[in-house]
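Counting begins at 1 with the first residue of the sequence. Since we're looking at a predicted model, the values are computed, not measured.
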Amino acid sequence: MQNKPIVMLGAGGHAKVLLSLLQQQGITVAAVCAPQRPASARFDDIPYLASDDDVLSFKPQDVMLVNGIGALPGQTLRRRLFEHFSALGYQFFSVIASSAIVDSGVQLGQGVQVLPGAIINTDAVLHANVLINSGAIIEHDCVLHAHTVVSPGAVLCGGVTCGENSYIGAGATVIQSQIIGKNVLVGAGSTVVCNLLDNQKIYSARPFIKAE
């Protein structure tokens, strides 16, 4: 059970979602750290920290951090903040939505986040700072290495391995037993039917239709 104060890193849309999930579970956020004051009224009653250095006023043994930085392809801030504060001895709290289905045989690393409606089946392994967005499905025996992001509605079939910093776009599908390398981008709506090398990028071949 979480009994240490929580400090949220970030105050944008992703942080707002996490704050709501934590509040639903009766977990209090003691402070939020962001370069600018939060725009959402959800943060109004939470003490504001203007810089990463302000977080250092809390001793690592006295608080846990939540990584409220969202993820887009090519952005590294989420990973860099995790690595920076981990090196300073801070631990990250894992946020698991009450509506997510996470099998008891799943292994969860530090700071994992599983958002509403996601399903993670038996013997999957999620390493540190992995983010599973709303409605995503991670089937049995998948292994997701550190900082992997799975976007809303994506599906990883059984036995898929994702290397560090891989990004699976919204609605993408990876068929069973494929190996996704490090720093790979799978674009939204793509279907992966073969292994992908480190740093490879693939996109859906579906035509883009512009609304008139």
Side-chain angles (χ1 to χ4, degrees), residues 9-10 12-15 17-18 35 52 65-88 90 92 94-95 106-115 118-121 123-210:
L9 304 179
H14 184 64
V17 170
L18 296 177
D52 293 348
L65 306 183
V66 165
N67 195 343
I69 304 300
L72 289 173
Q75 294 186 347
T76 61
L77 179 58
R78 177 180 173 82
R79 173 180 56 81
R80 288 189 286 112
L81 278 179
F82 185 91
E83 291 175 343
H84 171 70
F85 282 105
S86 293
L88 294 173
Y90 290 89
F92 282 77
S94 292
V95 181
V106 172
Q107 298 180 43
L108 300 177
Q110 185 185 154
V112 164
Q113 297 172 2
V114 183
L115 299 195
I119 299 173
I120 307 177
N121 273 325
D123 293 333
V125 179
L126 277 58
H127 288 268
N129 200 38
V130 164
L131 168 57
I132 308 299
N133 270 291
S134 303
I137 298 175
I138 311 299
E139 272 295 351
H140 62 87
D141 299 298
C142 287
V143 178
L144 279 61
H145 288 279
H147 317 300
T148 292
V149 173
V150 180
S151 299
V155 177
L156 273 57
C157 297
V160 168
T161 297
C162 292
E164 288 190 6
N165 304 316
S166 54
Y167 185 99
I168 312 299
T173 299
V174 183
I175 69 167
Q176 62 271 15
S177 304
Q178 302 310 307
I179 298 175
I180 307 298
K182 299 178 181 178
N183 305 309
V184 166
L185 166 61
V186 175
S190 300
T191 299
V192 179
V193 298
C194 61
N195 295 342
L196 298 178
L197 302 175
D198 292 353
N199 305 306
Q200 194 167 358
K201 297 179 174 63
I202 68 164
Y203 300 93
S204 173
R206 298 171 186 169
F208 176 75
I209 301 174
K210 182 178 181 182

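- Nearest heavy-atom pair across E139 and A124 is O-CB, 4.0 Å.
- Between the side chains of T148 and S166, at least one donor N or O lies within less than 3.5 Å of an accepting N or O.
- Checked against L81 for a side chain to side chain contact (heavy atoms under 4.5 Å, CB included), the options N129, T76, I69 give a single hit: I69.
- By the 4.5 Å heavy-atom criterion applied to side chains, L196 and K201 are not counted as neighbours.
- V184 has its side chain out of reach of D198: every pair of non-hydrogen atoms, C-beta onward, lies at least 4.5 Å apart.
- The main-chain N or O of N165 is never found under 3.5 Å from a side-chain atom of N183 such that the two would form a donor-acceptor pair.
- Heavy atoms only, all atoms of each residue included: S204 and A188 are closest at CB-O, 3.6 Å.
- The minimum heavy-atom distance linking L9 with F92 is given by the pair CD1-CE2, 3.9 Å.
- If you take CD1 on I138 and CD1 on I132, they are separated by 4.0 Å, rounding to the nearest 0.5 Å.
- H127 and H145 have parallel rings, their planes meeting at less than 30° on a 0 to 90° scale where 60° marks the start of perpendicular.
- Considering all non-hydrogen atoms of both residues, F82 and A128 come closest at CZ-CB, 3.7 Å.
- Considering OG of S86 and CZ of R79, their distance stands at 12.0 Å, rounded to 0.5 Å.
- Here the straight-line distance linking atom SG of C142 with atom CG of L156 works out to 5.0 Å at 0.5 Å rounding.
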- Task: Apply side chain to side chain contact (heavy atoms under 4.5 Å, CB included) to the pair F85 and N67, showing each step before the final yes or no.
- Result: CA-CA 10 Å; F85 282 105; N67 195 343; over 6 Å; no

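- Under the 3.5 Å distance criterion, the side-chain polar atoms of Q176 are left unmatched by any main-chain donor or acceptor of G159.
- Atom CG in D141 sits 10.0 Å away from atom CG in N121 (nearest 0.5 Å).
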- Take V95 and V114 through the side chain to side chain contact (heavy atoms under 4.5 Å, CB included) test and state the conclusion after the steps. CA-CA 6 Å; V95 181; V114 183; over 6 Å; no

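- S151 places a side-chain N or O within donor-acceptor distance of the main-chain N or O of I168, the cut-off being under 3.5 Å.
- The minimum heavy-atom distance between G169 and A154, with the atom names listed, is O-CB, 3.6 Å.
- S94 places a side-chain N or O within donor-acceptor distance of the main-chain N or O of V112, the cut-off being under 3.5 Å.
- The two residues V150 and A136 have their closest heavy-atom pair at CG1-CB, 3.8 Å.
- Side-chain atoms of N133 never come within 3.5 Å of backbone atoms of V149 as a donor-acceptor pair (strictly under, hydrogens ignored).
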- Could you go through the side chain to side chain contact (heavy atoms under 4.5 Å, CB included) check for T173 and V192 one step at a time? CA-CA 6 Å; T173 299; V192 179; over 6 Å; no

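- At least one side-chain heavy atom of L126 sits under 4.5 Å from a side-chain heavy atom of I120.
- With hydrogens and angles disregarded, no donor-acceptor distance shorter than 3.5 Å links the side chain of E83 to the backbone of R80.
- In this structure, the side chain of S190 does not engage the main chain of V186 through any donor-acceptor pair within 3.5 Å.
- Note that the OH atom of Y90 and the CD atom of Q110 stand 13.5 Å from one another [nearest 0.5 Å].
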